[in-house]
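Presented below is the structure to which this report refers.
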Protein chains: 4
Amino acid sequence: MNPPPRPDDRAILPSPSAASVQEQAAEFGRPTEGWREQMYIVIFEADTRAGRLFDIALIGAILLSVLVVVLDSVQALNRRYGAWFDALEWTFTLLFTAEYIARLACVRHPWRYARSFFGMIDLLAVLPTYLAILVPELHALIDVRILRLLRIFRIFKLTLYAAEYRMLARALASSRRKIIVFLGFVAMVVLVMGTLMFVVEGPEHGFHNIPIGVYWAITTMTTVGFGDITPKTDLGRAIASLMMLLGWGVLAVPTGIVTAEMTSLRHRPVTTRTCPECLTEDHPPDANFCRHCGARLPLYRTDAAPPDQAENRRNTA
Amino acid sequence: MNPPPRPDDRAILPSPSAASVQEQAAEFGRPTEGWREQMYIVIFEADTRAGRLFDIALIGAILLSVLVVVLDSVQALNRRYGAWFDALEWTFTLLFTAEYIARLACVRHPWRYARSFFGMIDLLAVLPTYLAILVPELHALIDVRILRLLRIFRIFKLTLYAAEYRMLARALASSRRKIIVFLGFVAMVVLVMGTLMFVVEGPEHGFHNIPIGVYWAITTMTTVGFGDITPKTDLGRAIASLMMLLGWGVLAVPTGIVTAEMTSLRHRPVTTRTCPECLTEDHPPDANFCRHCGARLPLYRTDAAPPDQAENRRNTA
Amino acid sequence: MNPPPRPDDRAILPSPSAASVQEQAAEFGRPTEGWREQMYIVIFEADTRAGRLFDIALIGAILLSVLVVVLDSVQALNRRYGAWFDALEWTFTLLFTAEYIARLACVRHPWRYARSFFGMIDLLAVLPTYLAILVPELHALIDVRILRLLRIFRIFKLTLYAAEYRMLARALASSRRKIIVFLGFVAMVVLVMGTLMFVVEGPEHGFHNIPIGVYWAITTMTTVGFGDITPKTDLGRAIASLMMLLGWGVLAVPTGIVTAEMTSLRHRPVTTRTCPECLTEDHPPDANFCRHCGARLPLYRTDAAPPDQAENRRNTA
Amino acid sequence: MNPPPRPDDRAILPSPSAASVQEQAAEFGRPTEGWREQMYIVIFEADTRAGRLFDIALIGAILLSVLVVVLDSVQALNRRYGAWFDALEWTFTLLFTAEYIARLACVRHPWRYARSFFGMIDLLAVLPTYLAILVPELHALIDVRILRLLRIFRIFKLTLYAAEYRMLARALASSRRKIIVFLGFVAMVVLVMGTLMFVVEGPEHGFHNIPIGVYWAITTMTTVGFGDITPKTDLGRAIASLMMLLGWGVLAVPTGIVTAEMTSLRHRPVTTRTCPECLTEDHPPDANFCRHCGARLPLYRTDAAPPDQAENRRNTA
């Protein structure tokens, strides 16, 4: 009856959860005096005014820098504002580099931080821009698009700021086996069905090989249904119909079962249990006394003689 | 065991809920005598015959006026009945203007009503038609289509008539944080996946920039799958498959977990075990004593002789 | 704790439920002697061998006749086997006519049967074929396709044979208001969004009028996503993204909430309640006695002093 | 309160479940001495080191052989590595043949194994390759693609290694009737709707016959929405809208009902009311006496003085 405490359902302002703050202190080594401790308090902790301002500024910078990457990919905007985007990108890169260096400088085990998930994200966030400068030949070989992709990963730093993501990660980890078994089942079905459609429809109808058949099977079973490849033969359409009903049924059948169970539980016929004194109905099976008049209730489900009248009257309100 | 009272599950006739009637009286100021009170009773309250007739007439007028806007957009109908539609539109505009003025006239704080949600809707419902007349140059600048859009908003006045919409609004408000965290997760996934597909497929396959990639990622993750943009490369299709399984799995995996939990709860092997004294059911297989009255329970699944009566009575509460 | 009795989960052989048999007897009037009673027992009841054979034969005839209608619509098959299909169709029509007449003949209130749901289906099942013969000019006016449609309705007679369909109909009827309110919400959303897309995209991109916009909005919100009409402008795609997230979210958000609630209930920390005698944990909040050793448990959630040792020992097994 | 034991939620390494090992021993006959027993222990059981190595090797071989079949279907890869694929395919065929013969050799009832599900899979796994050699004319008649399909079925051998698949099979079997009734309902709807669309749209819009109409109805109701066939008439689109709302609503309406029930159960306004004597919580707002000990409850939601101690004691159980 006491579910685990959950984050305040109304707090929108993001801040690292207490648990993650403690974990980081233990893992990376919180300094205990001097300018390093001051810097640590601002960067890694969130209970001082400076600390919270830092967090909000960092979130703002991450969102803005991601927006710049997104807008820069639009040809029209790139042509008009390309120079501005470059300038902003360099500003952000320098800011994030300073933040990265500051983080490494103020923890006691900088190496552990560099190897952690968020440490890698920090490095990945600034590396592309430097690579483009330091290794100009790279520019010709690697598509600029890939560099944009690496910068997008900055957005994962935001997961630090909501405890729910840690809870979600833990929940997924604990259901690991169930999910793998489920995915294995889906993999087997789409593999067999994909091969079946490849056999039935063949390359002349778009199913050039088994991988394409599997791709089609996934679009069908997950009810996405792009329509770039569709069955043309009667048998193919019949098989497709089975797959569609399977993919949709995996959602619909359990939902129906749960709803049926739930509504039958709610309308359970406890109404048969009646107080002999005041005739109130609807007593739970585990009740001993009438909630309305206090009389002792007959034992559940027996045809025993009603309890002694005197005993009842002594208890009546 | 007594859930909060809910609207009668069979009542179809719409009427403002008691709670909203009280709220309005408090907020806008219910007059207490004279013609203003008479008008208020008809317009804002629903327990007199005139009040209910007003409500039904208003709902009818809203539905009809929205229908006129919809039909007017169909070229063929516009050519044949355009004049009729204009006449009806002016009739409705005048009716709604009269209603708006009446509302403002009979409350004690008209300024508060004008600033409220329904007050704004009322204004928006009549403004377009007047603008089209009073500012004819507007007609050339603003697409008539936009004026149609504003008139469609009249339909939101109907939400006053079903208490469930207020309950829904309150439920959404209280789960505000959960929904934002969930949307944040979805936003991060579609942003990274959209950029990934932009990098992998590129403009030559339809993925012209990151925003288009994100649009595609949303159509795929929500299993809508328009098919206007589809991956053409093998790697692109592999990534698309992962996204489809993710979007569908977010629905399928929890549904499966809930169904498994529910059916295992329902079929847990304890329902057969009953205390001979107090008839409490539902004792775990490893229990020796009744949790309710303390009597000794018969051994699980054996046909052992019932325990000694005297021993049971000593333990009875 | 006692859900209503449900049909045997393993019985596949269809038969009318006991409830429907009684209802029919009361409504239409069961004859009490002679050949009429004999015929009634075979046709309307299912507890004699003849009655069950009749049911199975009827179901077979319905399924076969529907199959004939379906196959007859395929041009290739119609050309090759058209004559056979006609012959079979006439056989079925005569059979169903005989059945209809027999039903009317053996009940005591034939007029009530003719007006009932199944009576109308019976009539609709045979009428088209007679119309095609008796009113030949009709053949030229009414598309043969419509006559096929009417014959397909025979399949609704099968709903008599599974009690679940009656339960489903009753469940839908009792949730009538909830469903209407929900549909009303969906109607408002697709109307406003459809108009919005009509305004934003316009006829040049396929959105010729508001009804088409609403059709598109429904394909998007229900995540079907045909792709026959798709947004082309940036703003249109942004609005489409919101609609897709809304339609998918209506499924995903509640599923997530239910899963979170369910798993937190399952892992509730009742483990804090420990028996002072034998140290067994995990007692339900409503338990008075330890299920393992019978000792009286301390009251839930107080810091009261442990109960008197002697009192515990008196109760120990 | 003790759900049936379930496979360890963290174990990833696959192994046949204890139940299936016992079933196989009983069904096929476990030998009791000599080399046959040694071979049986390695092949059919998993508690020795050799047994587990055999399992892991077999799973690896199955996955690899399926991968070869998949890659071999890609024209580009087939041209470059066709010879390698053939060689690998023959190696796997010989391995699986040896495994099959070993299984038959070491059980006591080889005939029962050959007739079982996994026995048939084993045969089907090796047969195609031999057929292609022994009956060369077959090569010209039967599409090589079909032979690939048969080899893909090897993947079903993996279901032996996860107990969840047996649980899933049992759960499906016990809900057999519910699923058939549900599918029957879906079949009736898509048949009637498919015929309706065939009548309304007709061959000129792609709906050539009723089977195609039914195929379209399934793609729409399961929200897949390929878009290869779409309604073009207004009436057709209206009917399509109803189908889409039905298919999506079958998922959305029950989900909404379950969420509403669940949250109302959790937040029902009774948790605050506690009996002063026995501290039982969860009394309905209208209760006057504690259902557990009979004590008089304080009035709901007032700050009335606690009831007289003496009166309470007289009522205590």
Side-chain angles (χ1 to χ4, degrees), chain A residues 1 174-178 180-181 184-185 188 191-192 195-196 198-199 202-203 208-211 213-214 219-220 223-227 230 234 237-238 240-241 244-245 247-249 251-253 255-259 262-263 266 283-284 286-294 296-297 314-315 317, chain D residues 7-12 66 69-70 73-75 143 145-146 148-149 152-153 155-156 158 162 164-165 168 175 178-179 182-183 186 211-212 214-215 218-219 221-228 247 250-251 254-255 257-258 261-262 283-284 286-294 296 314-315 317:
Chain A
M1 253 155 232
S174 69
S175 306
R176 201 166 54 224
R177 186 184 157 98
K178 277 196 194 79
I180 287 180
V181 165
F185 170 70
M188 276 192 270
L191 187 61
V192 173
T195 311
L196 189 57
F198 163 67
V199 168
H208 298 289
N209 50 54
I210 294 184
V214 172
T219 69
T220 303
T223 75
V224 169
F226 282 130
T230 49
D234 294 332
R237 283 175 167 166
S241 302
M244 294 191 263
L245 286 171
W248 179 73
L251 294 178
V253 169
T255 302
I257 289 179
V258 168
T259 307
M262 189 135 235
T263 43
R266 188 171 175 277
H283 296 281
D286 67 329
N288 293 325
F289 294 88
C290 172
R291 69 174 177 280
H292 184 72
C293 70
R296 186 174 264 275
L297 295 171
R314 206 183 312 138
N315 288 329
Chain D
D8 178 13
D9 228 27
R10 285 186 227 296
I12 300 294
V66 162
V69 176
V70 168
S73 72
V74 182
Q75 286 256 1
D143 204 339
R145 297 199 308 248
I146 294 182
R148 284 211 188 90
L149 178 64
I152 283 285
F153 278 115
I155 208 165
F156 281 127
L158 293 180
E164 283 88 340
Y165 294 127
L168 180 64
S175 306
K178 278 198 193 80
I179 294 176
F182 180 68
L183 286 181
V186 171
I212 286 182
V214 172
Y215 165 73
I218 293 181
T219 70
M221 189 158 163
T222 56
T223 76
V224 171
F226 281 130
D228 49 351
V250 166
L251 294 178
T255 301
I257 289 179
V258 168
E261 294 271 353
M262 192 136 232
H283 297 280
D286 65 329
N288 293 325
F289 291 88
C290 172
R291 70 172 178 283
H292 184 72
C293 70
R296 183 178 264 277
R314 204 182 312 137
N315 288 329

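This one's a predicted model, so the numbers in the text were calculated from it and none came from an experiment. So that the names make sense, note that chain A is the first sequence line, chain B the second, and so on, each numbered from 1.
At a 4.5 Å heavy-atom cutoff, the contact between D:Val186 and chain A is made by side-chain atoms alone. For A:Phe185, the parts lying under 4.5 angstrom from a heavy atom of chain D are both the backbone and the side chain.
Using modelled atom types, no side-chain atom of A:Thr230 and backbone atom of D:Asp228 make a donor-acceptor pair closer than 3.5 Å.
Interface summary for chain A: among D:Thr255, D:Val224, D:Leu183, the most heavy-atom pairs under 4.5 angstrom belong to D:Val224.
Here the CG-CD1 distance, from A:Leu245 to D:Ile218, works out to 5.0 Å after rounding to the nearest 0.5 Å. One finds the CG atom of A:Asp234 at 11.0 Å from the OH atom of D:Tyr215 (value rounded to the nearest 0.5 Å).
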**Prompt:** Which is it for A:Asn209 and D:Gln75 under the side chain to side chain contact (heavy atoms under 4.5 Å, CB included) test, yes or no, and what are the steps along the way?
**Reply:** CA-CA 7 Å; A:Asn209 50 54; D:Gln75 286 256 1; over 6 Å; no
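Proximity of D:Leu251 to A:Trp248: side-chain heavy atoms (C-beta onward) are separated by under 4.5 Å at one or more points.
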